[in-house]
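So the structure is just underneath, and the comments pick up after that.
Remember, it's 1-based here, ligands and their atoms both numbered in the order they're listed. Predicted model only: the values in this text are computed from it and were never measured.
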Amino acid sequence: MSTVTFIDKTSLPNIPWQEKPAQMGDAPVWKYTENPIIDRNPLKNVARIFNSAVVPYEGKFIGVFRGEQTNGVPYIYLGHSEDGIHWSFDEEKIHFVDENGNDFMPGYAYDPRLVKVEDNYYIIWCTDFYGAAIGMAKTKDFKKFVRIENPFIPFNRNAVLFPRKINGNFVLLSRPSDSGHTPFGDIFLSESPDLVYWGKHRHVMSRGYEWWESLKVGGGAAPIETSEGWLLFYHGVAGTCNGYVYSIGGAILDIDNPSIVKYRCENFLLTPTEWYEERGFVPNVCFPCATLEDADTGRIAIYYGAADSYVGLAFTKLDEVVDYIEDHSVVRDQDTEIGIK
Ligand code: BMA
C-alpha cells in the first residue's frame, strides 16, 4: 500500500460514502448501490439533470447542475443538500451578471464544474460563444454570480480549474474541440495571472492507445492535490459502430509542472454497466465532473453524469486508487514531455 496523502487536510466527516461491496473484488472504484441519486424530471421544466458538480458548503453541500430544460436547451441550476445524496434545486436558473452588474445570461450552459480557489468559487461550463466555448463565472456566496469574460476562443470544452494557483498563476485544463459531437480531443493546460489573460499553453495528454479512450479524452473533476501529484479523474471515449462510450480514467500529474503526466492508468476506473448508464438520452456515458474528499479517512466520492439522464455517485479511497493507477500505469513520450512544440 502506498503512503499517499491529501495535501489539503480538511476533514469532511459527512462525505457521502458506502463501503466497497464484496463482489467488487479489486475494482478500484465502486458505484453507489442506490444510484441514480437524481432521477428524471427533477424540477419544473427540467427533464434531466446530469454532468454536475458539487462542493462542501457551510457544513452541507451545494452544487451547480446541468439541467436539460423541456425545450431541450441546457442550463445551470443551483442545488442544495444536507448529505450530498439527496438534492433539492432552485426552480430558477442561476442568474449571472457581468462585472458591471448588468444581466448576463448565456444562450446555453452545460457540463458545469465548480472549484474553489482562494476566496472564490468558480463555475466553468460550456457556453455559446459563436459555437461551443468555455464560460466562466465566480461567486463568494452562491447568491451573486459574476460572469468573467470567456477565457478562450471557440471551440473548446471540458475546462477544469486547478484548486490553487501553481507558480503564481491560475491553471486551467481544457479540451479544444469542434462545435458538435467532436470525434477527437486531447487535454491541454493554460495559465493566467488574473483569469483574463491566458497563455503558456501546454499539451498534457492525448487520446490513449487503449481502446476505451482511443477517440478522445477530456478533463473531469478538478485535480486533487496529493503527495504523489495531482490526481485527475477524466473521461475517455471509445468510438463504436453504435456510437461513443464514455468511461472514467485516472492519471497523476506532476505537482509543479502539471503538463507532465507521471502515471496514467491503462485501464478505465469505471465504465457503463448499469441500466442508468447504459440506457438514457445518450446511452453508455459515465461523465465525471466533481469529487469530494475526506482527509481523515482518505475517502473520495465521485459525481458523474450517467447516460445524459441521471447523476450517479461512485466511491474510492485515495491509497487504493493511487496504487491502482500506479500499478497499471503506461505513460508514453507525449505524456511525459513538458508539452511545448
Ligand atoms: C459530450 C458532452 C457531454 C455529454 C457527452 C455524451 O460531447 O456534450 O455533455 O455527456 O457528449 O453525450
Side-chain angles (χ1 to χ4, degrees), residues 35-38 40 42 46-54 63-69 71-77 93 106-114 123-129 131-136 152 154-160 173-188 207 212-222 233-249 268 270-290 302-314:
N35 276 348
I37 60 166
I38 300 171
R40 288 191 187 236
V46 173
R48 291 168 281 119
I49 278 183
F50 54 101
N51 301 4
S52 301
V54 311
V64 290
F65 291 81
R66 170 178 176 163
E68 217 80 343
Q69 301 172 101
N71 64 5
V73 179
Y75 222 87
I76 309 175
Y77 293 78
K93 308 163 189 172
Y108 58 71
Y110 63 80
D111 296 356
R113 279 37 172 219
L114 179 60
I123 307 175
I124 314 115
W125 68 91
C126 177
T127 203
D128 176 28
F129 179 39
I134 310 291
M136 221 188 236
F152 302 141
F155 306 108
N156 205 322
R157 273 191 283 242
N158 293 306
V160 181
L173 298 177
S174 76
R175 211 277 307 282
S177 65
D178 64 16
S179 204
H181 304 295
T182 316
F184 60 87
D186 301 342
I187 300 175
F188 289 81
R207 65 201 93 171
W212 66 269
E213 57 171 351
S214 59
L215 191 73
K216 54 179 171 172
V217 290
F233 293 105
Y234 65 97
H235 67 255
V237 183
T240 76
C241 60
N242 265 334
Y244 295 172
V245 178
Y246 283 70
S247 303
I248 302 180
F268 54 72
L270 184 148
T271 200
T273 55
E274 302 297 320
W275 66 265
Y276 54 88
E277 300 161 336
E278 293 181 335
R279 203 173 76 212
F281 189 74
V282 180
N284 297 315
V285 180
C286 293
F287 195 92
C289 289
I302 304 169
Y303 288 78
Y304 67 101
D308 287 11
S309 301
Y310 310 99
V311 172
L313 253 179

Review point. Should we say atom CG of Asn71 is surrounded by more than 12 heavy atoms from elsewhere, each under 6.0 Å from it?
Key: yes

Check your understanding: Do the charged groups of Asp186 and Arg175 touch, with an N to O distance under 4.0 Å?
Key -> no

Exercise for review: May I ask you to check whether Asn51 has an N/O atom sitting below 3.5 Å from an N/O atom of ligand 1?
Suggested key: yes

Point to revise | Nearest heavy atoms of Ala133 and Pro154, plus distance in Å | key: CB-CA, 4.1 Å

Check your understanding: Which option, Phe50, Tyr246, Phe287, Tyr304, owns the non-hydrogen atom nearest atom 1 (C) of ligand 1?
Key -> Tyr246

Point to revise | Proximal ligand 1 atoms for Val282, defined as those under 4.0 Å from one of its heavy atoms | key: 12 (O)

Exercise for review: Report the nearest protein non-hydrogen atom to atom 6 (C) of ligand 1: residue, atom name, distance rounded to 0.1 Å.
Suggested key: Asp308 OD2, 3.5 Å

Exercise for review: Return the minimal non-hydrogen interatomic distance between Gly219 and Val160, and the atom names on each side.
Suggested key: C-CG2, 3.9 Å

Revision key, fill the gap. If we number the atoms of ligand 1 from 1 as shown, the ones under 4.0 Å from a heavy atom of Arg66 are 9 (O)

Practice item. Give me the one residue out of Tyr303, Phe50, Phe281, Trp275 that meets ring pair (Phe, Tyr, Trp, His ring centres under 6.0 Å) with Tyr310. Key: Trp275

Exercise for review: For atom 9 (O) of ligand 1, state which one of Asp111, Val285, Asn284 supplies the nearest heavy atom.
Suggested key: Asp111

Exercise for review: Could you check atom 8 (O) of ligand 1 against the protein and tell me its nearest heavy-atom contact, residue, atom and distance included?
Suggested key: Tyr110 CE1, 3.9 Å

Check your understanding: Within a reach of under 6.0 Å around CZ of Phe184, are more than 12 heavy atoms found that belong to other residues, nucleotides or ligands?
Key -> yes

